[in-house]
Amino acid sequence: MCHTSMLKGRGCSYAADGKGNDNSLMKSQAELSRLIKKYTIHDGVHPTIVPSLQLIRDSSTTLPVLRVHEPALCIVTQGSKVVMLEQESYPYGPSNYLVVSVDLPISAQITEASPNRPYLCIRLQFDPLQILDIMRDSDLQSGKKGEVRRGLYVNEASDSLLDVAVRLLRLLETPEDVSALAPLVIREIFYRVLKGKQGGFLRQIAVNGSTSQRIAAVIDQIKNDYAKPLRVEELALSVHMSPASLFRHFKEVTAMSPMQFQKKIRLLEARRLLLSETMDAAEAGFRVGYESPSQFSREYGRFFGKPPISDIKHLREPLVE
């Protein structure tokens, strides 16, 4: 079930976006699982010959992992996972799919997986232009430009959606067909998602001039210029909104304020720098925009549960073993 904070229309909805029977759904899930296993011999995130498609396999449950999730559709065929956006919980498992429509700092945890029944998932990345192109060629209603919804949701997959997903993964067996057919199959996948009960969540991001699209533009600005001082007034002016309206709608899409969003982006980037490059905590903090090493260490410790040195040492221990 969904977290109680979402029972008033926020977050999960398990209404299917098309009718089908359980037997057909199970057959599609089984075939998807077979294909994912075929192309993921070991655990991890596996790229494919379809540029936007990744296959994910994990043989054990995990602790929460903090990361910036880019816009993508994720379909789980085996095992289960829970995504946390601030205090909101989004659990999903077989026959469910997750849609993330904007870059969001989230915590993700695999909650059901084992060597005999590993967690299996399809991740299909997208951008708003793809969605807009599909909407232009269909009779799907875009909704009102002023509507703003959360940039993440979970829904129940329909028989028709899983059937198209099977066709996409089967293309991996005939590489010569991928360049011609994969774009068409991917287009159909997102058409099915847009037709779903919560498809309006995704449509709003693609509507030119919509409030959601403006918030997406602000998210891109903050993500690209995370080390610079954040001035809400300047961000609001760049997307032709008032500061109060930007603040309110930004929180509606991301569940956090622009300042909180920037802080999470900064700290996640600092952690990446500490793991991948040789530098001390003060230098990492400075690189991501902190002027005070003590403030950086305090905020890093609150976010990750440990101060920088202890956290990085802990993360590197499994690699040493």
task: Show your reasoning for whether salt bridge (Lys or Arg N to Asp or Glu O under 4.0 Å) applies to R266 and E299.
output: CA-CA 10 Å; R266 282 181 167 183; E299 294 190 355; over 6 Å; no
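- Contact check on E88 versus R150 returns a salt bridge, with a Lys/Arg side-chain nitrogen under 4.0 Å from an Asp/Glu carboxylate oxygen.
- Side-chain contact between L53 and L169 is present, with heavy atoms from C-beta onward closer than 4.5 Å.
- The side-chain heavy atoms of V99 and L152, taken from C-beta on, include no pair separated by under 4.5 Å.
- Atom CD of E176 is surrounded by more than 12 heavy atoms from other residues, nucleotides or ligands within 6.0 Å.
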query: Run the side-chain contact (heavy atoms from CB on, under 4.5 Å) check on L194 and R203 step by step: do they pass?
result: CA-CA 7 Å; L194 288 166; R203 294 176 216 165; 3.4 Å; yes
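- Between R272 and E269 there is a salt bridge, with a side-chain nitrogen of the basic residue lying less than 4.0 Å from a carboxylate oxygen of the acidic one.
- Counting heavy atoms from C-beta on, the side chains of S158 and K195 never come closer than 4.5 Å.
- Pairing each heavy atom of F261 with each of L104, the nearest pair is CE1-CA, 4.5 Å.
- For the pair T211/M241, a side-chain contact is recorded, criterion being any heavy-atom separation below 4.5 Å from C-beta on.
- Summarising the local packing, CZ of F303 is surrounded by more than 12 heavy atoms from other residues, nucleotides or ligands at distances under 6.0 Å.
- D58 contributes atom CG, which lies 4.0 Å from atom CD1 of I110 (distance to the nearest 0.5 angstrom).
- Each of L246 and L237 belongs to its own hydrophobic cluster when Ile, Leu, Val, Met, Phe, Trp and Tyr are linked at side-chain heavy-atom distances under 4.5 angstrom.
- In I309, the CD1 atom is not crowded: 12 or fewer heavy atoms of neighbouring residues, nucleotides or ligands sit closer than 6.0 Å.
- Judged purely by atom type and a 3.5 angstrom limit, T111 has no side-chain atom pairing as donor or acceptor with the backbone of V82.
- Looking at every heavy atom in both residues, V232 comes nearest to L230 through CG2-CD2, 3.7 Å.
- Side-chain contact between R248 and E252: absent, with no pair of heavy atoms (C-beta onward) separated by less than 4.5 Å.
- For the pair L267/V288, no side-chain contact is recorded, criterion being any heavy-atom separation below 4.5 Å from C-beta on.
- S292 and S294 form a side-chain donor-acceptor contact under 3.5 Å, judged by distance and modelled atom types alone.
- Separating the OG atom in S245 from the CD1 atom in I215 is a distance of 7.0 Å, to the nearest 0.5 Å.
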message: Run V50 and L171 through side-chain contact (heavy atoms from CB on, under 4.5 Å) and show every step you take.
response: CA-CA 9 Å; V50 178; L171 283 176; 5.6 Å; no
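- Atom CZ of R117 and atom OG of S33 lie 7.5 Å apart (nearest 0.5 Å).
- Cluster annotation: L132 is not connected to Y191 through the hydrophobic network of ILVMFWY side chains, with a link wherever side-chain heavy atoms come within less than 4.5 Å.
- With salt bridges taken as basic N to acidic carboxylate O contacts below 4.0 Å, one links E70 and K223.
- The SG atom of C74 lies 10.0 Å from the CD1 atom of I122; values are rounded to the nearest 0.5 Å.
- By the rule that hydrophobic residues join a cluster once side-chain heavy atoms approach within less than 4.5 Å of another member, F304 and L275 end up as members of one cluster.
- Taking 4.5 Å as the limit, every side-chain heavy atom of Y39 sits out of range of all side-chain heavy atoms of H46.
- We find that K264 and E86 are joined by a salt bridge, their nearest charged nitrogen and carboxylate oxygen being less than 4.0 Å apart.
- A salt bridge (Lys or Arg N to Asp or Glu O under 4.0 Å) with D311 is found for exactly one of K306, R271, R316, namely R271.
- Not one N or O on the side chain of S107 forms a donor-acceptor pair closer than 3.5 Å with the backbone of P64.
- Within the 4.5 Å cutoff, side-chain heavy atoms of I222 are placed close to those of L235.
- Note on residues 235-244: pairs passing side-chain hydrogen bond (donor to acceptor under 3.5 Å, both in side chains), not counting sequence neighbours, are Q221-S238.
- Q109 places a side-chain N or O within 3.5 Å of a backbone atom of T62 that can act as its donor or acceptor partner.
- Under a 3.5 Å cut-off, the side chain of Q29 and the backbone N or O of Q78 do not form any donor-acceptor pair.
- F247 and V102 fall into different hydrophobic clusters, where Ile, Leu, Val, Met, Phe, Trp and Tyr residues are linked whenever their side-chain heavy atoms come under 4.5 Å apart, directly or through other members.
- Looking at R287, its side chain never comes within 3.5 Å of a backbone N or O of A270 through a donor-acceptor pair.
- Across all non-hydrogen atoms, the minimal contact from V76 to G79 is CG1-O, 3.5 Å.
- Atoms CG and NZ, from L35 and K38 in turn, are 7.0 Å apart once rounded to the nearest 0.5 Å.
- Between the side chain of Q262 and the main chain of P258, no donor-acceptor pair closer than 3.5 Å is present.
- Sorted by first then second residue, the salt bridge (Lys or Arg N to Asp or Glu O under 4.0 Å) pairs that include residues 72-81, not counting sequence neighbours, number zero.
- Closest approach of K197 and N155 over heavy atoms only: N-ND2, 4.0 Å.
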- prompt: Going through the checks in order, is the side-chain contact (heavy atoms from CB on, under 4.5 Å) test met by M256 and L85?
  reply: CA-CA 9 Å; M256 63 194 83; L85 177 64; 3.9 Å; yes
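- With values rounded to the nearest 0.5 angstrom, R187 atom CZ is found 4.5 Å from D133 atom CG.
- Judged purely by atom type and a 3.5 angstrom limit, N23 has no side-chain atom pairing as donor or acceptor with the backbone of M26.
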task: Determine, step by step, whether V83 and Y92 satisfy the side-chain contact (heavy atoms from CB on, under 4.5 Å) criterion, reporting the C-alpha distance in whole Å, the side-chain angles of both residues, the deciding distance to 0.1 Å, and the verdict.
output: CA-CA 8 Å; V83 166; Y92 62 109; 3.9 Å; yes
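- Taking the charged nitrogens against the carboxylate oxygens, R34 and E173 do have a contact shorter than 4.0 Å, which makes a salt bridge.
- What you find for V166 and E31 is that their closest heavy atoms are CG1-CG, 3.7 Å.
- With hydrophobic clusters built from ILVMFWY side chains whose heavy atoms lie under 4.5 angstrom apart, I106 shares a cluster with V45.
- Closest approach of S24 and D159 over heavy atoms only: OG-OD2, 2.7 Å.
- Using a cut-off of 4.0 Å between Lys/Arg side-chain N and Asp/Glu carboxylate O, E234 and K228 are scored as not salt-bridged.
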